[in-house]
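Reminder, nothing fancy here: chain letters follow the sequence lines and each chain counts from 1. It should be emphasised that the depicted structure is a prediction, and the values quoted were computed from it without experimental measurement. Atoms considered below: every heavy atom in the structure, side chains included; atoms not considered: hydrogens, waters and symmetry mates.
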Amino acid sequence: MANFETVVVETDLLILGGGMAACGAAVEAAYWAKQNGLKVTLVDKAAVDRSGAVAMGLSAINQYVGLRDGKNTVKDYVDYVRNDLMGITREDLVANIARHVDSTVHLFEKWGLPIWKDENGDYVHEGRWQLMINGESYKVVVAEAAKNALLQNGVGQVFERVFIVGPLMDGDRCAGAVGFSVRENMFYVFKARATLAAMGGAVHVFKPRSSGEGMGRAWYPPWNSGSSAYFTIKAGAEMTCQEVRFIPVRFKDAYGPVGAWFLMFKSRATNAMGGDYMVERKPELEKWAPYGRVKPIPANLRNYLGMLDVMEGKGPSTCAPRKPLERSPTPTRMPRRPTRRR
Amino acid sequence: MPSFVIPEKCDGCKALDKTACQHICPNDLMVLDKETMKAYNRDVAMCWECYNCVKICPTQAIEVRGYADFIPMGASATPMRSTDSILWTVKFRNGTIKRFKFPVRTTPEGAAAPDGGYETKIDLDSPALFTEPASLGLPEVFTLKN
């Protein structure tokens with residue numbers, strides 16, 4: 001057994017995790033910490049530049065309301081979510097996210113994320129609420145803003161390659177966290193006045209539906225080991241929504257998210273018999289009224305129709321555009337070279 | 001299917017403290033064999049094919065054996081990432097080669113200013129977040145008015 005050195009770190013706010021949520025929290029917290037003389041500490045088990053579920057980048061932003069353009073209202077978004085989740089939703093939470101999400105997207109763009117624009121300079125929408133991006137470095141850009149926020153004005157510290165194993169409890173109060181370095185023989189004790197757990201979800205709880213060579217291949221990152229769930233349970237948090245599990249429908253020759261395929265490329269799904277479950281199983285939707293009647297059809301009902309096909313042995317389904325694309329939806333023009341700040 | 005290291009191309013990042021791939025792998029899979037000074041992926045079943053080790057490798061010594069449905073045997077997809085763009089070279093089984101170039105960012109590296117140039121004029125009692133409402137492009141943050 002190696003002789004571990006114990007390092008004690010005292011901070012005001014402790015942010016556990018280094019993904020998109022943690023980085024966003026760091027940017028927000030750094031501003032208020034600076035004004036109030038507080039210290040913020042972020043702990044990531046990997047390298048913040050490429051950690052979390054956005055480590056490899058993304059091709060779209062899946063929530064943008066567009067309030068400044070007057071195209072949608074907060075109420076429009078709440079109505080959409082309520083219908084999509086068939087009435088089971090916390091409208092207050094949805095509204096709170098909807099009223100703030102646009103400013104986050106605008107900040108992403110200022111930080112350097114390339115968002116597709118049309119000839120008029122407006123965002124290119126994949127769907128009503130989705131924007132297309134060149135997001136290879138999505139996480140790099142957001143991590144950079146978070147690190148700049150914490151490190152440039154002296155309010156914060158960033159620890160990388162430190163794996164948090166549990167909360168530090170002071171009676172019923174979470175007073176920080178403990179963890180160890182995955183690089184050196186160091187054990188960390190973080191003492192904090194407030195602790196934010198943003199260590200990702202839990203992958204590999206259920207077997208993915210991928211088959212053949214893709215067996216076991218997960219949509220979400222295999223490094224999301226359930227740390228947040230364990231941490232918060234140990235800290236005494238009430239666990240809710242544990243009945244919700246997410247196992248996406250698989251299409252033949254496609255493992256990943258199919259949002260762009262359906263929204264951008266106007267794809268349709270075809271089962272092994274050549275049928276279209278969205279057409280053949282339309283009467284099924286009536287059983288789920290009123291939500292079966294709303295447009296767009298709730299995502300879980302669309303997926304359910306596909307699963308009925310699979311359960312009847314009509315799989316696998318393929319997913320392809322109705323007609324060949326007339327032109328590439330990808331802008332081939334590179335953005336103008338950024339001018340260096342002086 | 002995982003990333004893999006081509007031993008002939010890997011130089012173990014020479015005398016660096018740790019290799020570039022060790023530094024970046026989100027799942028801490030890349031390790032350096034100190035005897036051969038070659039890096040390797042230690043748990044291929046836990047690899048997400050995120051390509052971060054491929055993109056960061058200074059000697060282009062890492063590739064990904066893609067799933068056969070989109071990278072069938074004999075084909076390859078190889079990224080070359082620069083400070084402002086990424087170039088993908090896609091080789092098809094019939095020998096066709098296509099290259100796709102995309103921007104990765106619009107600002108110089110390191111230049112992401114947390115406030116994005118937006119002014120913040122609010123206090124903690126306000127429903128507005130840092131940079132709001134300026135960054136919303138609205139005069140104020142939405143609230144329910146009774």
For this session: Select one option (side chain, backbone, both, neither) describing which atoms of Pro133(B) are under 4.5 Å from chain A's heavy atoms.
Result: neither
Exercise. With chain A, which of Leu29(B), Thr131(B), Ile24(B), Asn52(B) has the greatest number of heavy-atom pairs at distances under 4.5 Å?
Worked result: Asn52(B)
For this session: Give the member of Tyr51(B), Phe100(B), Phe142(B) that has the highest number of heavy-atom pairs under 4.5 Å with chain A.
Result: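 Of the candidates given, the most pairs with chain A belong to Phe142(B).
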For this session: State whether the number of non-hydrogen atoms from other residues, nucleotides or ligands found under 6.0 Å of Lys91(B) atom NZ is greater than 12.
Result: no
Exercise. Are more than 12 heavy atoms from other residues, nucleotides or ligands located less than 6.0 Å from atom NZ of Lys55(B)?
Worked result: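 Correct, the count exceeds 12.
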Problem set entry | Min side-chain heavy-atom separation Trp111(A)-Thr107(B) under 4.5 Å |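 No; the side chains remain at least 4.5 Å from each other.
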Problem set entry | Min side-chain heavy-atom separation His204(A)-Met46(B) under 4.5 Å |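 Sidechains of Met46(B) and His204(A): in contact.
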On a heavy-atom basis, which atom in [X] and which in [Y] lie closest, and how many Å separate them?
| X | Y | answer |
| --- | --- | --- |
| Glu109(A) | Thr106(B) | O-OG1, 4.2 Å |
| Pro114(B) | Ala145(A) | CG-O, 3.6 Å |
| Glu132(B) | Ser103(A) | OE2-OG, 2.6 Å |

Exercise. Does Tyr77(A) have any ring pair (Phe, Tyr, Trp, His ring centres under 6.0 Å) partners at least two apart in sequence or in another chain, and if so, which?
Worked result: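 Tyr77(A) satisfies ring pair (Phe, Tyr, Trp, His ring centres under 6.0 Å) with Tyr80(A), Trp129(A) once adjacent residues are dropped.
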For this session: Return the orientation label for the Trp223(A) and Trp48(B) ring planes: parallel under 30°, perpendicular over 60°, tilted otherwise.
Result: perpendicular
For this session: State, without any angle test, whether Arg81(B) and Ser137(A) hold a side-chain donor-acceptor pair at a distance under 3.5 Å.
Result: yes
Exercise. Of the backbone (N, CA, C, O) and the side chain (C-beta and beyond), which part of Val48(A) lies under 4.5 Å from a heavy atom of chain B, both, or neither?
Worked result: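 Answer is neither: Val48(A) stays 4.5 Å or more from chain B.
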Problem set entry | Val74(A) portion near chain B, given a 4.5 angstrom heavy-atom threshold |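 For Val74(A), the contact with chain B is made by the side chain alone.
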Seminar exercise, completed: dist Trp32(A):CH2 -> Thr120(B):OG1 (nearest 0.5 Å) comes out at 7.5 Å
For this session: Examine distances only and state if a side-chain atom of Asn134(A) and a backbone atom of Val104(B) form a donor-acceptor pair shorter than 3.5 Å.
Result: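 Here the side-chain-to-backbone pair does not exist.
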For this session: Flag the pair Glu136(A) and Arg105(B) as a salt bridge only when some basic side-chain nitrogen lies within less than 4.0 angstrom of an acidic carboxylate oxygen.
Result: no
